[in-house]
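For reference, the structure is listed below as structure tokens.
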2 protein chains.
Amino acid sequence: MALGKDYATQECSIAGALEIVGERWTLLVVRDALYGVRRYNDFLVHLGIPRAVLASRLQALTAEGILEKRRYQESPPRDEYVVTDRGIALWPTLRSLGRWGREHLGEARLRYFRHATCGTELGPYGECATCGTVVPVPDVEMVPGPGLDPDPADPVSRALLKPRRLLEPIDTRHA
Amino acid sequence: MALGKDYATQECSIAGALEIVGERWTLLVVRDALYGVRRYNDFLVHLGIPRAVLASRLQALTAEGILEKRRYQESPPRDEYVVTDRGIALWPTLRSLGRWGREHLGEARLRYFRHATCGTELGPYGECATCGTVVPVPDVEMVPGPGLDPDPADPVSRALLKPRRLLEPIDTRHA
DNA sequence: CAACTCGGTTCAATGAATGAACCTAAGGTG
DNA sequence: CACCTTAGGTTCATTCATTGAACCGAGTTG
């Protein structure tokens with residue numbers, strides 16, 4: 001899907017965007033990256049994605065400048081994938097997609113998103129009604145809702161049971 | 001992708017939404033429906049999608065209540081696919097995806113979206129700065145930009161060269 | 001030294017997408 | 001009437017992507 005031979009004739013920036021992030025699993029990888037997931041194994045267990053597909057998606061997202069591969073320890077050599085500004089810019093899209101899913105598929109409230117500095121729940125497009133501004137992604141606090149499994153199997157889901165800010169790295173060693 | 005056996009374990013409304021509209025071609029079909037495309041053949045020539053895939057996507061979108069199949073003439077029997085409120089609700093998502101595509105993939109201005117009643121260009125989330133409101137989709141005017149091919153091959157693209165409102169049905173017979 | 005973790009790659013089997021051909025029902029033209 | 005065209009599909013063989021399991025190598029822990 002990312003080879004220019006597909007949506008290339010579309011003359012449309014929606015089609016162009018989908019060339020990059022429209023493949024299966026890709027937007028969920030970006031979502032997890034915004035939630036603070038950084039390590040290969042954490043993506044793996046949280047998404048339930050085949051290893052080969054994850055490796056391919058991480059590589060593609062890195063090549064597109066949406067994630068950045070970064071060494072975080074030398075011995076043993078370990079890399080993490082950190083979301084870039086270009087990836088952070090996908091937050092409004094993911095936010096509106098999530099809202100559509102909840103409103104039109106009748107899903108229970110799984111997570112709330114609030115303005116961390118004032119506690120107001122975010123509006124449809126990520127804005128704070130109290131402050132009258134679009135909330136910067138690092139100031140968005142993610143709070144678990146009532147529909148969430150209280151005792152999930154994987155350590156990433158367990159870490160996400162606590163309120164936390166977007167982008168804040170997840171440490172699965174103490175979960 | 002739409003069988004519940006894929007993203008089903010995600011506990012996430014983003015994953016739920018992607019179950020429905022995350023398949024290849026699906027969001028482009030919805031985009032075209034918002035642009036006013038209604039007929040099988042118009043989707044076909046405008047998207048360059050294989051016939052079998054288009055038939056499958058139209059059926060799935062109809063089953064999900066995003067499009068509505070409606071007979072518009074009896075002899076010969078002809079049906080059109082009209083976007084529903086649930087489909088219209090995907091406009092903010094498509095809008096933000098398109099913005100991301102233009103800003104981060106360096107695409108030329110292909111189309112502008114304006115508030116039809118006052119002429120102001122839409123903000124990032126489809127709001128009108130002049131009126132201070134989120135513009136209802138039927139009041140969004142789509143205007144071709146400088147990057148667009150001035151003489152496209154297919155009649156749908158030709159019809160889209162004129163400024164027009166979203167949802168306004170495209171008539172390819174006089175294009 | 002054995003076992004384990006992390007971050008992958010390789011491989012066979014399955015499933016989806018593709019493009020061409022075909023089909024049906026109706027209408028238009030000569 | 002014979003023939004061609006249009007709209008809206010279906011069917012089919014080929015190609016391509018996804019899947020899940022197995023394997024691997026570097027390094028670390030017991």
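Protein chains get the first letters and strands the later ones, always in sequence-line order, with residue 1 at the start of each. Not measured: the values here are computed from a predicted model.
Residue Asn41(B) places at least one side-chain N or O under 4.0 Å from the OP1 or OP2 atom of dA7(D). Of the side-chain N and O atoms in Tyr81(B), one or more sit less than 4.0 angstrom from OP1 or OP2 of dG9(D). Side-chain N/O atoms of Tyr40(B) include none lying less than 4.0 angstrom from OP1 or OP2 on dT10(D). In this structure, Trp25(A) does not reach the dA17(D) phosphate: none of its side-chain N or O atoms is under 4.0 Å from OP1 or OP2.
Judged as a ring-ring contact (aromatic ring centres under 6.0 Å, His included), the pairs with a partner in residues 119-172 of chain A (not counting sequence neighbours) are, in order, Tyr125(A)-Tyr125(B). For residues 57-92 of chain A, the set of pairs meeting the ring-ring contact (aromatic ring centres under 6.0 Å, His included) definition, not counting sequence neighbours, comprises Trp91(A)-Phe113(A).
Taking only side-chain atoms of Val53(B), from C-beta outward, the nucleotide of dA17(C), dG8(C), dG8(D) with the closest atom is dA17(C). Each of dT18(D), dG9(D), dA7(D) was ranked by its minimum atom distance to the side chain of Lys69(B); first place goes to dG9(D). Out of dC6(C), dG9(D), dA17(C), the shortest distance to the side chain of Arg57(B) is found at dA17(C).
Residues Ser56(A) and Tyr72(B) each lie close to DNA chain D; by heavy-atom proximity, the contact nearer the 5' end of the strand is made by Tyr72(B).
Annotation: side chain of Leu67(B) is not in contact with side chain of Thr84(B) (no heavy-atom distance under 4.5 Å). Side chains of Ser157(B) and Glu11(A) form no contact here, defined as non-hydrogen atoms less than 4.5 Å apart. Using a 4.5 Å heavy-atom cutoff, the side chains of Leu160(B) and Ile170(B) are in contact.
Rounded to an integer number of Å, the gap from Gln73(B) CD to dT6(D) P is 15 Å. Taking atom CD of Gln59(B) as the reference point, atom P of dG9(D) lies 9 Å away to the nearest angstrom. One atom, CG of Leu58(A), and another, P of dG7(C), lie 10 Å apart when rounded to the nearest Å. We find that CZ of Arg39(A) is positioned 15 Å from C1' of dG8(C), with the value rounded to whole Å. The interatomic distance linking Arg24(B) (CZ) with dC16(D) (P) rounds to 13 Å, in whole Å. Atom CG in Leu44(A) sits roughly 10 Å away from atom C1' in dG8(C) (whole-Å rounding). For Leu54(B) and dG9(D), the CG to P distance is 8 Å, given to the nearest whole Å.
Minimum interatomic distance between Pro77(A) and Arg71(A) (heavy atoms only, all atoms of both residues): CB-NH1, 3.4 Å.
Every residue was checked against the side-chain hydrogen bond (donor to acceptor under 3.5 Å, both in side chains) condition with Arg164(B), not counting sequence neighbours, and none meets it. Residues satisfying the ring-ring contact (aromatic ring centres under 6.0 Å, His included) criterion with His115(B), sequence neighbours excluded, are absent altogether.
Tracing side-chain contacts under 4.5 Å through hydrophobic residues (I, L, V, M, F, W, Y), one never reaches Tyr112(B) starting from Trp100(B); they form parts of separate clusters.
The 12-atom threshold is not exceeded at CD of Gln59(B), counting heavy atoms of other residues, nucleotides or ligands nearer than 6.0 Å.
If you check every strand for non-hydrogen atoms under 4.0 Å, Phe43(B) touches nothing.
DNA chain C lies under 4.0 Å from no heavy atom of any residue of residues 27-36 of chain A.
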For this session: Sugar-phosphate atoms are those with a prime plus P, OP1 and OP2; base atoms are the rest. Using that split, label each nucleotide of nucleotides 20-30 of chain D B, S or - for protein heavy atoms under 4.0 Å, 5' to 3'.
Result: B-B----SS--
